[in-house]
**Q** 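Dumping the structure here so I can ask a few things about it.
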Number of protein chains: 2
Amino acid sequence: MPRNGEPARRRLQQAAVELFCERGYDQTTAAEIAARAGVTERTFFRHFPDKREVLFDGQAKLRELLTDAIARTPATLKPLETLYRAFRSVEKPLEDNRPFSFPRQQVIDRSPALQERELAKVAALAEALAQALRRRGVDERLAALAARTGMETFRHAVESWLADPAGGVGAHLDRAFDELHGLAASFSTRKTRHRQ
Amino acid sequence: MPRNGEPARRRLQQAAVELFCERGYDQTTAAEIAARAGVTERTFFRHFPDKREVLFDGQAKLRELLTDAIARTPATLKPLETLYRAFRSVEKPLEDNRPFSFPRQQVIDRSPALQERELAKVAALAEALAQALRRRGVDERLAALAARTGMETFRHAVESWLADPAGGVGAHLDRAFDELHGLAASFSTRKTRHRQ
DNA sequence: CCCGTTGTGTCAGTGAATGACATAATAGGC
DNA sequence: GCCTATTATGTCATTCACTGACACAACGGG
């Protein structure tokens, strides 16, 4: 009944992050989060479908940014280059979010349950990228494979950037894509050379 | 108390697959699985840490096969080629398991909870591959990236093989790795050419 | 035949999640 | 400013996943 100032949703997220940092995810009950936010446990589950979801909200925005970037990209680019440019285009938002992302990632890294959810979000994001590529005319199979491997490369870059922000996301992204190029260019099952 | 013939663990797995196929994962309770297997719910959770895990047992064997294959590989090979050969080496076991893998995959594809667990298993497997590559002298960063992208390529191949077994796993694997080669060889952030 | 080990049953309890219903809070028309 | 439709919240009861503690049955040596 009491509808306090700050929207309950934000208060719940805030309370959840605090408690997860203090005691860890498993040692925190949904009721405790709700209590700190000044609402009922039932209200918690009205705002979030489950306890984990309270940590995964930025995902939707990131997906939108990336798929929009892909849609705006020239259709003549190779799939991986399209993805690379899309990733570069979210450099700013990522870096602005670092103060929030860093502790959040620490919490996730300490809880298998949260890691699972994160992997699910990453997979969903990759699927969205594949769809965006298809809309740019990329073949279905290629789009799926490019989106997945590109996504893993992006994760690789973001993780190393979180561990060491020097150079910004961009430097880590370039390095990761160059590593991928080095890995894949030097091996083909048939010994054919692909046109540039 | 009654210790019936077939080991309880197998009976539980069997019962679980049956029930999941009949009603779906969410509509099946752990107690029902246990009942069909002729044991108590408590016994179910003694054999499996949680309800999902009853579907994920082959994973350990596959990991062992792959890491062993990597360990036996000449240390001079490029990381992706090492992985490719390791994947080729498990072709037989995979095809032998098809009658079991196929319905299992259908169950998983219908349940978000099971998909999450599968992604977690895949990630753990990729981590094991990275570790095996490191033991072959591959640089830590490269090992991680190669394992992840190689793993995604493998998944891509296995999924398309499950959908259409024509040509066997090998054909799909070759196609997937060639697609990866085509994707990555044609794009580099800097316009440098990497030594073959 | 006894005994230690191991698998299982029983029971009680916690915590995540959901449905149903009542009620308070707010926005918009008047 | 008041009334009302909508929306946010509280309350209650319930299901189900999972866990700890304890007892006891089943089996494998000796």
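Note that this is a predicted model, so its numbers are computed, not measured. By convention in this document, chain letters (A, B, ...) are assigned in the order of the sequence lines, proteins followed by strands, and residues within each chain are numbered from 1.
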**Q** Can A/Asp50 and A/Arg117 be counted as an ion pair, charged N to O under 4.0 angstrom?
**A**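 Yes, A/Asp50 and A/Arg117 are salt-bridged.
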
**Q** Rounded to the nearest angstrom, tell me the gap between atom CZ in A/Arg117 and atom C1' in C/dA17.
**A**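 Between C1' of C/dA17 and CZ of A/Arg117: 13 Å.
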
**Q** Which listed nucleotide (D/dG10, D/dC18, C/dT10) is nearest to the side chain of A/Val39?
**A**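 Looking only at heavy atoms from C-beta outward on A/Val39, the closest nucleotide is D/dG10.
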
**Q** Under 4.0 Å between a side-chain N or O of B/Thr43 and OP1 or OP2 of C/dG9?
**A**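 Yes.
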
**Q** Starting at atom CZ of A/Phe48, determine the distance to atom C1' of C/dA16, rounded to an integer number of angstrom.
**A**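 After rounding, the gap between these two atoms is 16 Å.
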
**Q** Is A/His47 close enough to D/dT9 that one of its side-chain N or O atoms is under 4.0 Å from OP1 or OP2 there?
**A**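 Indeed, a polar side-chain atom of A/His47 lies that close.
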
**Q** Over how many whole Å does the gap from B/Phe44 atom CZ to C/dG7 atom C1' extend?
**A**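 It is 16 Å, rounded to the nearest whole Å.
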
**Q** Check this for me, if you would: do B/Arg155 and B/Glu159 make a salt bridge, where the nitrogen-to-carboxylate-oxygen distance has to be below 4.0 angstrom?
**A**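 B/Glu159 and B/Arg155: salt-bridged.
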
**Q** Let me know the distance between CD of B/Glu32 and P of D/dC16, rounded to the nearest Å.
**A**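 Nearest whole value for this atom pair: 8 Å.
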
**Q** CZ of B/Arg11 versus P of C/dG7: gap in Å, rounded?
**A**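 Those two atoms, CZ and P, are 14 Å apart.
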
**Q** Please give, in whole Å, the distance from D/dT19 C1' to B/Lys51 NZ?
**A**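 It is 17 Å, rounded to the nearest whole Å.
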
**Q** Here's a test of your reading of the structure: between A/Glu41 and A/Arg46, which maps to the more 5' nucleotide of DNA chain C?
**A**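 It is A/Glu41 whose nearest nucleotide is closer to the 5' end.
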
**Q** Side chain of B/Arg42: nearest nucleotide among C/dC11, C/dA16, D/dA17?
**A**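 In terms of side-chain proximity for B/Arg42, the closest of C/dC11, C/dA16, D/dA17 is C/dC11.
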
**Q** Going by an N to O cut-off under 4.0 Å, is there a salt bridge joining A/Glu127 and A/Arg134?
**A**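 Salt bridge flag = yes for A/Arg134 with A/Glu127.
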
**Q** Between atom CZ in B/Phe45 and atom C1' in C/dC11, what is the gap in whole Å?
**A**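 My rounded result for the distance is 16 Å.
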
**Q** Nearest of C/dT8, D/dT11, D/dC18 to any side-chain atom of A/Thr40?
**A**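 Of the candidates, D/dT11 comes closest.
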
**Q** Closer to the 5' end of DNA chain C via nearest nucleotide, is it B/Arg9 or A/Ala31?
**A**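 That would be B/Arg9.
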
**Q** Kindly assign one of parallel, tilted or perpendicular to the pair B/Phe187 and A/Phe177, based on the angle between their ring planes and the thresholds 30° and 60°.
**A**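 B/Phe187 vs A/Phe177 ring planes: perpendicular.
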
**Q** Could you state the CG-P distance from B/Asp50 to C/dA17, rounded to the nearest angstrom?
**A**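 So the two atoms are 14 Å apart, to the nearest Å.
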
**Q** Please tell me whether B/Gln27 and B/Glu22 have a donor and an acceptor in their side chains that are separated by less than 3.5 angstrom.
**A**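 No donor-acceptor contact under 3.5 Å links the two side chains.
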
